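Read through the structure below, which is laid out as structure tokens, and then see the notes.
In what follows, chains are A, B, ... by sequence order, proteins preceding strands, each numbered from 1. Atoms considered below: every heavy atom in the structure, side chains included; atoms not considered: hydrogens, waters and symmetry mates. In this text, all values refer to a predicted model and were calculated from it rather than measured experimentally.
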Amino acid sequence: MEHKPVRTRFAPSPTGRMHLGSARSALYPFLLARRTGGTFILRIEDTDQKRFVPGAEQELIDGLHWLGITYDEGPDIGGPCGPYRQTERREIYHQHAWELVARGHAFPCFCSPDRLGKVRQEQMRNKQNPRYDGTCRGLDPDLARRRATAGEKYVIRFKMPKEGTVQATDLLRGSIQTENAALDDAVLLKSDGLPTYHLGAMVDDHLMGITHVIRGSEWLPSLPLHAHLIRAFGWEEPAFVHLSVFLKPSGKGKMSKREAAEAIQDGHSIFVSEMQDLGYIPEGVLNWIVLMGWGVPEDEVMTLDDMIARFDVQNLTPSPAAVNFAKLDHFNGTHIRLLSTEDLAARIKPYFIREGLTVDEATLLRVVPLIRERLVTLDDCLPFAAWFFRDSVNPDPAELLIKGLTPAQAADVAGRAQAILAGLPVITPATAEAPLRQLVDDLGLKAGQVFGVLRVAVTGQSVSPPLFESMEIIGREKVLERIARAIAMLGS
RNA sequence: GCCCCCAUCGUCUAGCGGCCCAGGACGUGGCCCUCUCAAGGCCAAAACAGGGGUUCGAGUCCCCUUGGGGGCACCA
């Protein structure tokens with residue numbers, strides 16, 4: 001792979017939530033830039049004022065920040081090629097559109113949207129391809145310019161050649177030939193003075209020195225038009241890479257709003273901010289999405305730095321990928337296990353606080369090693385460890401009756417264990433385990449029965465971190481007190 | 001309807017003409033470990049969409065069919 005520093009960009013439109021697809025569209029160009037010691041840019045393509053969503057840009061920035069995808073130039077930090085918000089670059093597009101008119105590659109069009117709509121309907125009725133009918137294509141350039149400057153509403157369209165073919169290249173798919181006759185006179189500058197994607201993106205990519213355009217495959221069909229535009233301006237072409245779309249988990253059809261809603265029911269989400277709320281960590285999310293469309297032969301568990309070291313655009317795959325949430329859970333759990341005790345403690349602490357619990361730092365640090373390998377998401381810390389931070393527990397009497405023990409038997413077991421533990425100066429795995437196992441033998445029971453009763457009595461739940469370690473953390477006093485309470489419950 | 005793209009286990013993928021009776025990962029099943037739940041270890045089932053070519057030889061190259069996806073806006 002080549003190591004020349006590249007300039008890449010993530011150019012989202014602030015029209016919705018940041019999801020899986022957006023995250024990957026940002027990740028790959030970021031990795032390529034970092035891999036080559038190049039530059040990664042954030043550009044906001046907000047030229048559609050109708051679909052503009054307030055707050056969307058901030059969500060994008062927050063999402064990138066959370067994931068650790070840093071950019072070197074962007075709307076909030078500036079840079080040498082700014083501004084990085086397209087609505088702040090109107091003049092630039094206006095100039096370029098008219099430059100194309102002057103060069104004979106574009107023309108002003110005064111057709112009303114109303115009339116165009118009718119033409120399109122008529123064409124579809126006749127089973128023809130819907131396309132611009134060419135009304136303004138032959139207008140006298142000087143006359144057209146005068147009408148435009150006089151204030152008449154106009155758009156500027158690309159003057160697509162009627163004959164011949166265009167050749168364009170996608171890095172993953174190779175050369176793509178297209179008949180010009182199949183292409184339309186696309187609108188480049190809208191009547192509100194803002195550019196369409198085609199003009200805006202090509203102009204900015206050129207002006208910002210983008211060397212590798214990595215974008216969604218929905219742009220593949222307009223690649224020939226973009227090639228035309230770039231050549232009409234006489235610019236150097238960047239390398240184009242089109243990423244495949246994400247399919248719904250079943251693999252049938254692309255991810256839609258409906259699937260997004262179903263994922264939520266399931267405790268999953270395709271939205272970055274929601275994944276954060278659900279207890280996923282950036283390391284897990286990143287590892288998950290980076291592999292959807294990138295083939296690595298082995299060692300799939302990677303940190304961002306690993307990804308940067310190994311990333312190669314050539315290994316991206318052009319075929320669509322079905323979203324697999326089970327794999328996200330796997331990577332999340334794996335990366336949680338990779339965190340240091342201090343780091344994991346800091347990350348789960350907010351979940352206890354959110355639950356209204358008071359968290360003692362020293363205790364938390366001792367609890368973390370006990371639950372680390374049990375967590376799939378951060379919020380799993382609650383069912384396993386919330387009880388450590390409560391003053392008392394409320395065991396379900398039915399759960400004290402482990403595997404067919406009668407209340408009397410359970411009370412007996414608890415009583416004997418209580419006596420043993422009461423005789424210990426401190427309760428630790430080293431002091432408590434041997435005598436309690438002796439008890440198991442003496443009573444002719446299974447270890448699970450005796451420890452089960454104690455587990456429910458002490459932790460208030462039938463599933464918990466390891467018993468002896470847990471008892472050590474809450475201390476002898478609370479352990480004895482809770483066992484006594486359980487015995488009382490069994491007696492009534 | 002027209003144009004474009006894609007096609008290996010259920011899923012993500014390795015494979016870039018012989019190293020492949022196809023490898024890894026997730027998931028699934030079994031076993032081991034075990035105080036619950038996990039984690040971990042071992043094992044297993046599981047795929048080259050179909051048909052034609054090219055070649056001494058094809059998962060790998062070409063064509064067709066089928067299937068899937070995307071696009072055809074003064075949206076990106």
Side-chain donor or acceptor of A:R173 under 3.5 Å from a matching atom on the base of B:C5?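 No pair found.
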Under the 3.5 Å rule, do the base of B:G40 and the side chain of A:E373 count as making a donor-acceptor pair?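 No such pair is found, so the answer is no.
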Would the distance check show the side chain of A:N126 and the main-chain N or O of A:Q128 forming a donor-acceptor pair, the cut-off being under 3.5 Å?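 No, the answer is negative, given that no donor and acceptor are paired below the 3.5 Å cut-off.
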Counting distance only, does the side-chain N/O of A:T165 pair as donor-acceptor with the main-chain N or O of A:T178 below 3.5 Å?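 No: the side chain of A:T165 does not pair with the backbone of A:T178.
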With both distances under 3.5 angstrom, what nucleotide forms a Watson-Crick or G-U wobble pair with [N]?
{"N": "B:G67", "result": "B:C6"}
{"N": "B:A58", "result": "none"}
{"N": "B:A25", "result": "B:U11"}
{"N": "B:C72", "result": "B:G1"}

Answer with base, sugar-phosphate or nothing: what part of the nucleic acid does [X] contact at a heavy-atom distance below 4.0 Å?
{"X": "A:A182", "result": "nothing"}
{"X": "A:G293", "result": "sugar-phosphate"}
{"X": "A:P224", "result": "nothing"}
{"X": "A:P249", "result": "nothing"}
{"X": "A:F384", "result": "base"}
{"X": "A:T317", "result": "sugar-phosphate"}
{"X": "A:G452", "result": "nothing"}

Between [N] and [M], how many Å separate the two [atom1] atoms, rounded to a whole number?
{"N": "B:A49", "M": "B:C12", "atom1": "P", "value": "14 Å"}
{"N": "B:G71", "M": "B:A76", "atom1": "C1'", "value": "13 Å"}
{"N": "B:C21", "M": "B:U8", "atom1": "C1'", "value": "15 Å"}
{"N": "B:C61", "M": "B:G15", "atom1": "C1'", "value": "15 Å"}
{"N": "B:A45", "M": "B:C64", "atom1": "P", "value": "38 Å"}
{"N": "B:U28", "M": "B:G67", "atom1": "C1'", "value": "26 Å"}
{"N": "B:A73", "M": "B:A47", "atom1": "P", "value": "44 Å"}
{"N": "B:C9", "M": "B:A22", "atom1": "P", "value": "14 Å"}

Flag side-chain contact, heavy atom, 4.5 Å: [X] against [Y]:
{"X": "A:T135", "Y": "A:V119", "answer": "no"}
{"X": "A:I473", "Y": "A:L370", "answer": "yes"}
{"X": "A:V213", "Y": "A:W219", "answer": "no"}

Greater than 12 external heavy atoms within 6.0 Å of A:Q177's CD: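 Counting other residues, nucleotides and ligands, CD of A:Q177 exceeds 12 neighbours.
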Proximity to the side chain of A:I176 - top-ranked nucleotide from B:A25, B:C4, B:U34: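 Minimum distance to the A:I176 side chain belongs to B:C4.
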With a 6.0 Å cut-off on ring centres, are A:F246 and A:W288 close enough?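 Ring-ring flag for A:F246/A:W288: false, centres at least 6.0 Å apart.
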Distance flag, aromatic centroids of A:H226 and A:Y197, threshold under 6.0 Å: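 Yes, the ring centres sit under 6.0 Å apart.
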Contact pattern, 5' to 3', of nucleotides 66-76 of chain B - B, S or - by protein heavy atom under 4.0 Å: ---SBSSSBBB
Earlier contact from the 5' end, RNA chain B, for A:L328 and A:R437: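 That would be A:L328.
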Does B:U36 have its OP1 or OP2 closer than 4.0 Å to a side-chain nitrogen or oxygen of A:R374?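 No, because none of the side-chain N or O atoms of A:R374 sits under 4.0 Å from OP1 or OP2 of B:U36.
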Hey, are A:T47 and A:E45 close enough side-chain-wise for a donor-acceptor pair under 3.5 Å?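 Distance-only check fails for A:E45 and A:T47.
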